[in-house]
Amino acid sequence: MTNITPRLLLVEDDEDDYILTCDYLEQFTTHQFAIDWVTNQDDALAEMAKNCHDICLLDYQLGAQNGLTVLKRGIEAGFTSPIIMLTGQADEKVDLAALDAGAVDYLIKSELNGTRFARSIRYALARREIEKERVDRLKAEAENRSKDRFLAHLSHELRTPLTSILGYTELLMDSELGREAKAELGIVLNNSKHLLSLLNNMLDLSKIAADKLELNITEVSLDSLIADVYALMRVAANDKGLTLTISSESPLPLQIYTDETRLRQVLINLISNAIKFTEKGKIEVRFWVEQNSACHLLYFDVSDTGIGIPEDNLLSIFKPFEQVADVVSRHQGGSGLGLAICTELTAKMGGAIELESKFGAGSRFTVHIATGDVSQVRHEELTFDAKPFNTHAAEALCYSGKVLVVDDVKDIRMLIGHLVSATGLTVEYARNGLEALERIKASMFDQQPYDLVLIDIHMPVMDGTTAIKHIRAENFTGPMVAMTAATMKGVRQELMQQGFNKVLEKPINNDALISVLKSCMQEAQVETQESSTTVSTGDQHYLLVEDDPDAADITALLLRKLGVNVQIAYSGQQCLEMFAQRTDWTKVLLDLHLPDANGFVLAKNLRQLDPRLDIVILSGDQPEDVKLQEAGINTFLLKPINRQMLAELVNNG
Ligand code: ADP
């Protein structure tokens with residue numbers, strides 16, 4: 001924006017010329033100048049060093065002093081605005097010397113009343129404006145960069161101690177000692193988890209504030225996403241004795257185009273709130289689609305029969321750190337950040353959130369997002385029953401054997417794994433079809449094949465139907481069960497033709513999963529009677545590089561419990577020394593921020609020493625994918641590191 005009262009520094013030793021110049025400047029219609037007048041070199045340099053003027057008119061002849069000296073020394077002293085040199089008569093040499101020394105123009109005093117003067121001043125000011133904008137932009141970019149660095153650092157610094165807190169608490173809860181203090185340890189665990197979710201929320205919010213939150217829009221299998229959310233949320237609803245139903249008001253497109261993780265985050269946040277603020281009754285989630293002239297929209301509403309929200313708070317709760325100030329929300333925990341983040345996320349996804357609520361009676365949050373063009377996509381009605389999902393029924397069973405659970409959503413993997421392991425089975429995990437294939441190949445190579453594979457159909461990297469082709473081609477003959485939300489006719493048959501032995505409908509139902517285990521494991525038990533099913537991890541040697549001693553100790557302890565031999569290096573230097581001591585490291589787990597080394601540089605050094613080395617990066621902030629790819633790193637673990645993550649790592653071999 002143009003500064004309409006520019007500050008002008010006039011360096012002129014002749015009072016008449018000063019008055020004349022002021023007169024001419026006053027005739028400007030575009031600007032009104034605030035003029036500071038100085039008459040000698042010293043005063044001029046003192047003013048120029050302050051660099052607070054937008055333009056300077058500098059007399060070439062300052063008594064005995066030469067204006068060129070002032071010009072050069074003024075620029076050296078830090079004056080960055082344009083300088084126009086004024087002189088009594090035309091002299092090409094002086095003109096050139098002034099321009100060489102850094103003046104933007106050169107004017108003869110007799111031209112001061114003419115258009116050339118006006119033009120020269122206008123150009124100089126425009127130039128100053130452009131320069132200022134450039135400097136402001138660079139400054140803002142530098143500030144943003146340092147803010148980003150600060151946030152990444154903060155995130156790492158907070159996650160590292162959380163690794164120790166969560167790790168030791170989990171470990172203690174399982175120990176003899178911990179059983180006596182289970183309730184107290186449970187409180188520590190819950191609070192640490194709360195701290196972690198707070199940290200994640202704050203990072204999300206700061207990314208939103210810096211306009212750094214990018215959506216990852218892909219084709220999303222809507223039925224599968226809803227089924228997963230239902231499977232996760234019904235556990236919490238069930239724990240409070242609430243009924244959770246999810247249904248569709250109209251047929252829904254089976255694929256939409258959006259950011260899967262963020263859509264799941266919004267849904268889980270709203271349903272968790274509904275559960276949190278409802279003591280009895282039900283939570284209903286309904287989905288439907290609408291189309292306006294411009295786009296296709298997916299709607300859903302989450303309604304509860306809970307405490308409701310007073311009218312005064314209906315708007316404020318969408319702002320960060322705002323909570324209805326009552327005992328319940330204080331008692332329930334939470335940070336007041338969830339809805340603020342959901343609002344920003346839905347806006348980014350091309351939609352909005354609305355709220356209706358009656359204090360004391362319940363609330364209804366209605367969300368819509370853009371889905372991309374789904375006119376050619378198949379639509380289906382969806383309903384999920386309210387059957388609880390618990391492990392008690394599974395605990396009555398007793399099997400031995402090894403099951404591979406393949407799903408891209410971590411919480412779903414854990415949920416299914418939890419139920420399966422309650423029957424005594426060993427559970428291992430894979431995050432997509434490709435990982436499953438690798439693990440199945442490795443287990444067959446070790447002559448310890450899986451007794452059962454439970455595999456999701458919709459997954460990134462490699463989906464379930466592609467995976468089974470490769471898996472069967474490797475001559476894996478064990479039972480494979482497809483998990484899918486697609487319930488329409490023909491799908492089951494198609495999946496069976498592709499080589500699946502059974503199809504489990506998502507959201508996975510207790511009874512259905514148990515009946516699958518019953519039939520598959522009976523067969524499996526006969527087949528695997530002779531083969532041992534325990535996995536030996538004792539021949540794995542990990543080098544853990546972590547400068548925080550507590551985080552290093554707990555990570556090593558958890559790994560040792562998983563049967564891995566671990567050695568710790570507390571610095572980059574120590575890592576290189578220890579690395580040189582043996583040649584058979586299975587993996588190097590590398591903290592990204594070491595006091596004496598950058599993790600990526602260290603990874604490159606290690607890779608030069610051993611090109612086939614398996615390097616796993618540990619960090620409290622998510623590095624950019626390109627950086628991981630450049631360093632040839634496939635595995636990255638976000639702190640806090642827990643037992644489950646390490647178990648997956650170890651089992652992946
Ligand atoms: P948090 O739940 O972490 O406090 P949110 O931003 O998700 O943060 O919610 C802000 C506040 O809005 C809550 O603390 C609560 O007072 C109110 N609120 C949100 N959802 C509901 C609901 N379903 N019923 C009643 N109050 C709610």
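Here the structure is a predicted model, which is why all the values come from computation and not from measurement. Position 1 is the first residue of the sequence; numbering continues from there. Every number for a ligand or one of its atoms is a count from 1 in the order of the listing.
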Throw together a table of side-chain donor-acceptor distances under 3.5 angstrom for residues 636-647, partners on residues two or more places apart or in other chains.
| unit_1 | atom_1 | unit_2 | atom_2 | d |
| --- | --- | --- | --- | --- |
| K639 | NZ | T160 | OG1 | 3.1 |
| K639 | NZ | E546 | OE1 | 2.8 |
| K639 | NZ | D591 | OD1 | 3.2 |
| N642 | OD1 | Q644 | N | 3.1 |
| N642 | OD1 | M645 | N | 2.9 |
| R643 | NH1 | D174 | OD2 | 2.8 |
| R643 | NH2 | D174 | OD2 | 3.3 |

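Across the listed options G336, S357, G338, G336 owns the non-hydrogen atom lying nearest to atom 1 (P) of ligand 1.
Side-chain contact check for I412 versus I416: some heavy-atom pair is nearer than 4.5 Å. Residues H296 and V289 fail the side-chain proximity criterion, which asks for heavy atoms closer than 4.5 Å. For the pair F300 and R286, the minimum side-chain heavy-atom distance is 4.5 Å or more.
Within the structure, the closest approach of G306 to ligand 1 does not fall below 4.0 Å when heavy atoms are considered.
Distances below 4.0 Å separate heavy atoms of G308 from the following atoms of ligand 1: 25 (C). Near K276, with a cut-off below 4.0 Å to any heavy atom, the atoms of ligand 1 are 1 (P), 2 (O), 3 (O). Within ligand 1, counting atoms from 1 as listed, the ones closer than 4.0 Å to a heavy atom of A274 are 23 (N).
Looking at D301 and S303, their side chains never bring a donor and an acceptor atom within 3.5 Å of each other.
Contacts between L339 and ligand 1 below 4.0 angstrom, taking non-hydrogen atoms only, involve backbone and side chain alike. Neither the backbone nor the side chain of F318 comes within contact range of ligand 1; no heavy atom lies under 4.0 Å. Of all the heavy atoms of L337, the ones lying under 4.0 Å from any atom of ligand 1 belong exclusively to the backbone. Here N269 has side-chain heavy atoms under 4.0 Å from ligand 1, and that is the only part of it that gets that close.
Between the side chain of T423 and the backbone N or O of L419, no donor-acceptor pair lies under 3.5 Å.
Here E380 pairs with R378 in a salt bridge; the nearest charged N to carboxylate O distance falls below 4.0 Å.
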